[in-house]
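Following: one structure in structure tokens, then a few remarks.
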Amino acid sequence: MNQNPIPNSFRSGPDEDGRFGIFGGRFVAETLMPLILDLQAEWEKAKTDPSFKAELDHLNTHYTGRPSPLYFAERLTAELGGAKIYFKRDELNHTGSHKINNCLGQILLAKRMGKTRIIAETGAGQHGVASATVAARFGLPCIVYMGATDVERQAPNVFRMKLLGAEVRPVSSGHGTLKDAMNEALRDWVTNVDETYYMIGTAAGPHPYPEMVREFQSVIGKESRDQMMAIEGRLPDVLVAAVGGGSNAIGLFHPFLDDESVRMIGVEAGGKGLDGNEHCASLTAGSPGVLHGNRTYLLQDSDGQIKDGHSISAGLDYPGIGPEHSWLKDMGRVEYVPIMDHEALEAFQLLTRTEGIIPALEPSHALAEVMKRAPKMGKDEIILMNLCGRGDKDIFTVGKILGMGL
Ligand SMILES: *Cc1c(COP(=O)(O)O)cnc(C)c1O
């Protein structure tokens, strides 16, 4: 991978310092550096070790339920009247989203390193639940840092984590959201160096996390590619995925990056609109800076203070973005667009009624973009969207907004 860059390829990064062009890297306190280098050394060994891959494949199949289906959304396609719409059904995974793909990979790595304590950060709680799940499965204690605001608005997931045996530590610094939880987890890691493994939930953070998480999530794109070839005999024309930190999107996109015919759209949380501060569109409306150990596009003010974004979905509420996406944006390989809260809410309802699938609010953003594009495309064209999470966690939020008396 990084040792053997492929010429003229979008798939060869990062370099050995973890850079994707000017993005990425390893901006961490000196005390963290030995930990990061240990992790990197173990990851380099694991990724070429057939027994590591075999164990992960086995868990993906028998624990998560992979491969997830590739589903032709016939009624939705007819309703929108244009391109054929396919969903990669990662919402059917154990624990209800793509997060488990990454957590299984990382817990196997933690085990190889002899770590005995797992820490994680979480926003909506999906990564917290997936972390608590794999920690239970492997018998390790797990501490999840979660912004105090999120603890309140994602109560069902907090309850799940506790049932799974994890300790949830509310973080009330800042606005009590994902960025603050991640700061606190990094602080814990520096303090408890020897026994602790930090399980990051998205393709961000210092090197090697962005590459590592991408590799664990690339199972989405690899399966999609094979399934699409089996069903349609060709590659899709457009890929669409929601972008929070960017892990499900890079997992879908990466195996297709060198296929010129495939367009890719990453959908950011446009919140209440890009004019004010109530959005989380770091790529569309942010600028490059350093956060959580890497250089990437961020929501920041002119003094470099990180702004707290807003989205109807807590899972997209991150003021940064994985560094590989920043690079892909600047290279022009992937387009990034915002979708507003109310558009996501409409998409949520449309999918529920036409296909009988209740999506999470995050992929509802991706779906809203599909709703804009599909009608303008030909009936022989194909859109593949990653349906990366189910909506069980969001029914209370949506019910409240729709005034359904929940
Ligand atoms: C966490 C989450 C996201 C955002 O994270 P990415 O790293 O951007 O994938 C999106 N959708 C769902 C369902 C999530 O749980």
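Everything numeric in this text was worked out from a predicted model, so none of it was measured. First listed ligand is number 1; within each ligand, the first listed atom is number 1.
Residue Gly245 has at least one N or O atom closer than 3.5 Å to an N or O atom of ligand 1. Between Lys393 and ligand 1, no N or O atom pair is found at a separation short of 3.5 Å. No N or O atom of Pro363 sits closer than 3.5 Å to an N or O atom of ligand 1. On a distance-only criterion, Gly246 and ligand 1 share at least one N/O pair closer than 3.5 Å.
Counted by atom type alone, His292 and Tyr318 present one or more donor-acceptor pairs between their side chains at under 3.5 Å. No side-chain N or O of Thr177 forms a donor-acceptor pair with one of Asp150 less than 3.5 Å apart. Between the side chains of Gln217 and Asn248, no donor-acceptor pair is found at a separation under 3.5 Å. Defined by atom type and a distance below 3.5 Å, a donor-acceptor pair is missing between the side-chain atoms of Glu184 and Ser173.
From the protein, the heavy atom lying nearest to atom 4 (C) of ligand 1 is Gly315 O, 3.3 Å. Scanning all protein heavy atoms for the shortest distance to atom 13 (C) of ligand 1 gives Gly389 CA, 3.5 Å. Closest to atom 6 (P) of ligand 1, if we only count protein heavy atoms, is Ser247 N, 3.3 Å.
At a heavy-atom distance under 4.0 Å, only side-chain atoms of Lys99, from C-beta outward, approach ligand 1. When non-hydrogen atoms are compared, ligand 1 lies under 4.0 Å from neither the backbone nor the side chain of Glu91.
Side chain of Arg11 to backbone of Leu257: no donor-acceptor contact under 3.5 angstrom is found. Under the 3.5 Å distance criterion, the side-chain polar atoms of Arg390 are matched with a main-chain donor or acceptor of Asn93. The main-chain N or O of Thr397 is never found under 3.5 Å from a side-chain atom of Asp394 such that the two would form a donor-acceptor pair.
For Trp43 and Tyr197, the gap between ring centers reaches or exceeds 6.0 Å. Two rings, from Tyr297 and Phe23, have their centers less than 6.0 Å apart.
Within the structure, ligand 1 has Cys388 among the residues with a heavy atom less than 4.0 angstrom away. Not close to ligand 1: Arg390, with no non-hydrogen atom less than 4.0 angstrom away. Using a non-hydrogen distance threshold of 4.0 Å, Ala249 does not register as a contact of ligand 1.
Counting the atoms of ligand 1 from 1 in the order shown, those under 4.0 Å from a heavy atom of Thr202 are 6 (P), 7 (O). Ligand 1 places these atoms under 4.0 Å from at least one heavy atom of Gln126: 15 (O).
Considering Glu362, Gln217, Glu268, His365 only, the shortest heavy-atom separation from atom 10 (C) of ligand 1 involves Glu362. Considering Ile220, Leu387, Asn248 only, the shortest heavy-atom separation from atom 9 (O) of ligand 1 involves Asn248.
Taking CD from Glu211 and CZ from Phe216, the interatomic distance works out to 10.0 Å, rounded to the nearest 0.5 Å.
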